[in-house]
Structure formats: structure tokens, C-alpha cells
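Below: one structure, written as C-alpha cells.
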Amino acid sequence: MFVLISECSEHLVQYVEKLVNKNEPIECAEMTAKYTTDVIGSCVFGIEMNAMSDEDSEFRRIGRSVFHASFWKRLRFAMKNYLPWLFDVLYGYILPRSEVTKFFMRIVLETMDYRETNNITRNDFIDTLRELKKHSDKMDDIDLTDSLIVSQAFTFFAAGFETSSTAMANAFYELALNQKIQDRLRDEIDQEYIKHAGNLTYTNIKEMNYLDKIFKEVLRKYPPGLFFPRITMSSYTFNGTKVSIPKGQLIWIPIHAMHRDSNIYPEPDVFDPERFNEEAVKSRHPMVYLPFGDGQRNCIGSRFAVYQTKLGLIKILRNYKVEPCEKTQVPYVVNDKDFLLAPKDGIYLRILKINRD
């Protein structure tokens, strides 16, 4: 999918060029959300979203609503997690399907039907779901209903666009406040462009060590998920204590609290990519850094998220410099009305074109 992501990153550069020409502060969270919406649209649904050029994009509007935690969404979420039997009884009757559910049921099933009818193959996520459906008779333990198929596409969309777009916006925010770090990163980007004659591949980006440190430090300071809910598979007693967790216990793993623990990360509010140099990483327990989780239930789309984010950062920082402006919030203010960690009132920055003549 890297080629598809690359095409969207070029559209991002064109979009930023238009914004810069207006000579106004740019709200980066919305800018990056449009980019990742287009990436997901292309890589998952095989659809040109045009979220960056279409202000009335239906996908972007739906995307905004997914993580906005209204009262009714919080109620549904709580009921689904803590009273699932009641949710199942009420769902579809007293609790109608949400607009988001109706939208994805329509878009996924219509796209699959259209491709079947017209014999279209695009080798994206929708085609993977089509193949699964064709061979559903071999899946003994899974009833591959339309609802289950659509839920897979929705999960890819929800997990892939908001988390990555927020990570990108937060990266721009920290780079704007830390110009020396930004300059050093741009030097690395320029060196890679020269080394590979401007042809960046998946492998080239993987070799950019300073970019990787910055990316990890962004997710250390701003993990998208504040915590992970899990259920214990066996009973466990902590070494040297009488504290025990019984089998089947719902627990919360406090990701944000661990990432901001001064005993683990000294001066946790300071943005320091060198926390992720080889020596520093070896000195810490591996489970104190969990932006993508770990184990069997870690983020299955982590590589996709990493590379759409890194490629977007590279394309912009290669051509532009980001700086704070009069609308930049310092310190950072978290929006307590969203499910994920996100900035309140957006991230406004000044973006300036770099003259390379």
C-alpha cells in the first residue's frame, strides 16, 4: 500500500501549498486529518475521498463524529462494555443504528457488490474482505455476516485515520516549539533525498533514525489511547506483595500515566527524542512504552500507521518550516470531550515555504 500512501502525500503537499498562500495560521489537526482520511479511503475502500479539496467530504464529516464523545455515545459505550446483554436486547429497537453504522454498512457493501458485478480488482482491504467472504465455508468458527465484514473495514478506518492524524499534528506542534530538533530532522530528510535521488521507498524511510526517535517521542508524550482495557486470562500475584488480580478481571493499563511518569522518563514534559537512542531504550523495561500495546492484542495496523505518518511529515518538512503563531496554545490543552487524546481547539501554527533556490 506504500505507493497509494505516497500518492496521497503528494496531494497533501499541494493542499498545504494552497493553505500557505493564504498567509494565515493553519489548523494542523484538521489538515492532517484530511490527509489520513484520504489515505484510508484509497488504501481501504479504493475510493478517492478528496477530503483535502472537498470541504463537504462525507467521509471527513463522519470521521469527525466517530471520536466525539457525546452523552449518548458515552452511554452506548458504557452499556456495550459493562451491560452487553442489555445492549444486545435494545440494539436495533430502542437503540437505533447510529449514522456512522448506517454509513459504513452502505459504503462497504455497495463497493463490494460493485466490484463483483464489474469484475474489478484493486488489491486493497476491500478485496481482502471479498476473498474472505468467498471462502467463508473454510472458517469453521466464524460466521462471516455482512455486519462482521463491515466492522473490519470500520475498525481500519477508525483506528487508522484519527490516531495517525493526531500524531502528525502533535509532531508539528513539538517541532514548531523546538526549532533545533526540526532543523536536524530536515537535514536528515535532505540527506535521504540526495542519497536516493529523491526516490523515497518504504526501506529508505525505515533507515531514518532521527525521524524514528522523534516519532516515538511524540507517541510517548501524546499516546492516542490514555489507557487500554484488558481482561486477565489467569490469576496473578505481584512479586513481593499481597496484591492479586483474579482471572477474568477487567483492568485498565494506564498508558498516559506511564509515559508521563518522572521515575521512568525524567522531566516528562520535555520533548527529547534522545530518550529513544539505543542506550536509553536498553535501560528501561520494554513495557513502559506502549503506544501500540503489546502481545497478541497489540495494534495490528501499527506499521501502516507509522509509515503514513512518517511520509506525511517528510513531505511537509522537506518543503516547509513550521513555527508557533499568535494562536498556538502553550501549554498544550487536551480536549476532554474526545475518546482519544487530542488538542482542544486544534493546533494552530505558521507554515512557511522553504526557498531552495
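From a predicted model like this one, the values you see are computed outputs, not experimental measurements.
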Can you tell me how the ring of Tyr222 sits relative to the ring of Tyr173, calling it parallel under 30°, perpendicular over 60° and tilted otherwise?
perpendicular
Where does the angle between the aromatic ring planes of Phe238 and Tyr236 fall among parallel (under 30°), tilted (30 to 60°) and perpendicular (over 60°)?
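If you compare the ring of Phe238 with that of Tyr236, the planes turn out perpendicular.
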Between [X] (side chain) and [Y] (backbone), is there a donor-acceptor pair under 3.5 Å?
| X | Y | result |
| --- | --- | --- |
| Glu217 | Pro273 | no |
| Arg350 | Ala176 | no |
| Asn119 | Arg115 | no |
| Thr232 | Pro246 | yes |
| His285 | Met287 | yes |
| Asp127 | Arg122 | yes |
| Asp261 | Met258 | no |
| Asn118 | Tyr114 | yes |
| Gln329 | Lys344 | yes |
| Arg220 | Pro268 | yes |

Out of the candidates Leu200, Ile314, Ile205, only one should pair with Glu192 under the side chain to side chain contact (heavy atoms under 4.5 Å, CB included) rule; please name it.
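The single option meeting the side chain to side chain contact (heavy atoms under 4.5 Å, CB included) with Glu192 is Leu200.
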Could you tell me whether [X] sits above the aromatic face of [Y], with NZ or CZ closer than 6.0 angstrom to the six-membered ring centre and within 45 degrees of the axis?
| X | Y | answer |
| --- | --- | --- |
| Lys213 | Phe276 | no |
| Arg260 | Tyr265 | no |
| Lys310 | Phe215 | yes |

When rounded to the nearest 0.5 angstrom, what is the spacing between [atom1] in [X] and [atom2] in [Y]?
| X | Y | atom1 | atom2 | value |
| --- | --- | --- | --- | --- |
| Leu311 | Glu10 | CG | CD | 8.0 Å |
| Thr328 | Tyr348 | OG1 | OH | 10.5 Å |
| Phe304 | Ile40 | CZ | CD1 | 4.0 Å |
| Thr309 | Tyr35 | OG1 | OH | 7.0 Å |
| Asp187 | Gln191 | CG | CD | 6.5 Å |
| Phe228 | Leu290 | CZ | CG | 6.5 Å |

Can you tell me if [X] and [Y] form a side-chain donor-acceptor pair at under 3.5 Å?
| X | Y | result |
| --- | --- | --- |
| Ser244 | Thr237 | yes |
| Ser164 | Gln308 | yes |
| Asn170 | Tyr332 | yes |

Would [X] and [Y] show up in the same hydrophobic cluster when neighbours are defined by side-chain heavy atoms closer than 4.5 Å?
| X | Y | value |
| --- | --- | --- |
| Ile253 | Phe292 | no |
| Val243 | Ile251 | yes |
| Tyr320 | Leu352 | no |
| Val270 | Ile214 | no |
| Ile347 | Phe271 | yes |

Can you find a pair of side-chain heavy atoms, one from [X] and one from [Y], that are under 4.5 Å apart?
| X | Y | value |
| --- | --- | --- |
| Ile231 | Gln249 | no |
| Lys102 | Met105 | no |
| Pro343 | Asn335 | no |
| Pro266 | Arg275 | yes |
| Phe172 | Ile316 | yes |
| Ile149 | Met112 | yes |

Shortest non-hydrogen separation from [X] to [Y] and the atoms involved:
| X | Y | value |
| --- | --- | --- |
| Leu19 | Ile26 | CB-CD1, 3.7 Å |
| Ala171 | Leu313 | CB-CD2, 3.9 Å |
| Val108 | Ala153 | CG2-CB, 3.7 Å |
| Glu188 | Asn209 | OE2-N, 3.2 Å |
| Ser235 | Lys247 | OG-N, 3.2 Å |
| Pro224 | Thr163 | CB-CG2, 3.8 Å |

Salt bridge (charged side-chain N to carboxylate O under 4.0 Å, His left out) between Lys133 and Asp146: does it pass, once the steps are laid out?
CA-CA 9 Å; Lys133 189 173 183 179; Asp146 285 348; 3.4 Å; yes
The test is side chain to side chain contact (heavy atoms under 4.5 Å, CB included); show your working for His196 and Thr201 and say whether it passes.
CA-CA 9 Å; His196 301 287; Thr201 65; over 6 Å; no
Under-4.0 Å salt bridge between [X] and [Y]:
| X | Y | result |
| --- | --- | --- |
| Glu278 | Lys282 | yes |
| Lys327 | Asp345 | no |
| Arg186 | Asp183 | yes |
| Glu323 | Lys321 | yes |

Leu185 and Tyr210: CA distance, side-chain angles, deciding distance, side chain to side chain contact (heavy atoms under 4.5 Å, CB included) verdict:
CA-CA 6 Å; Leu185 174 57; Tyr210 196 58; 4.1 Å; yes
Hey, mind stepping through Glu131 and His135 against side chain to side chain contact (heavy atoms under 4.5 Å, CB included) and telling me if it holds?
CA-CA 6 Å; Glu131 285 299 308; His135 302 290; 3.6 Å; yes
Are the aromatic ring centres of His256 and Phe227 under 6.0 angstrom apart?
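Not under 6.0 Å, so no.
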Can you tell me if Lys353 has over 12 outside heavy atoms packed within less than 6.0 Å of its NZ?
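It does: Lys353 NZ has more than 12 such atoms within range.
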Side chain to side chain contact (heavy atoms under 4.5 Å, CB included) between Ile255 and His259, worked out:
CA-CA 6 Å; Ile255 309 304; His259 287 192; 3.7 Å; yes
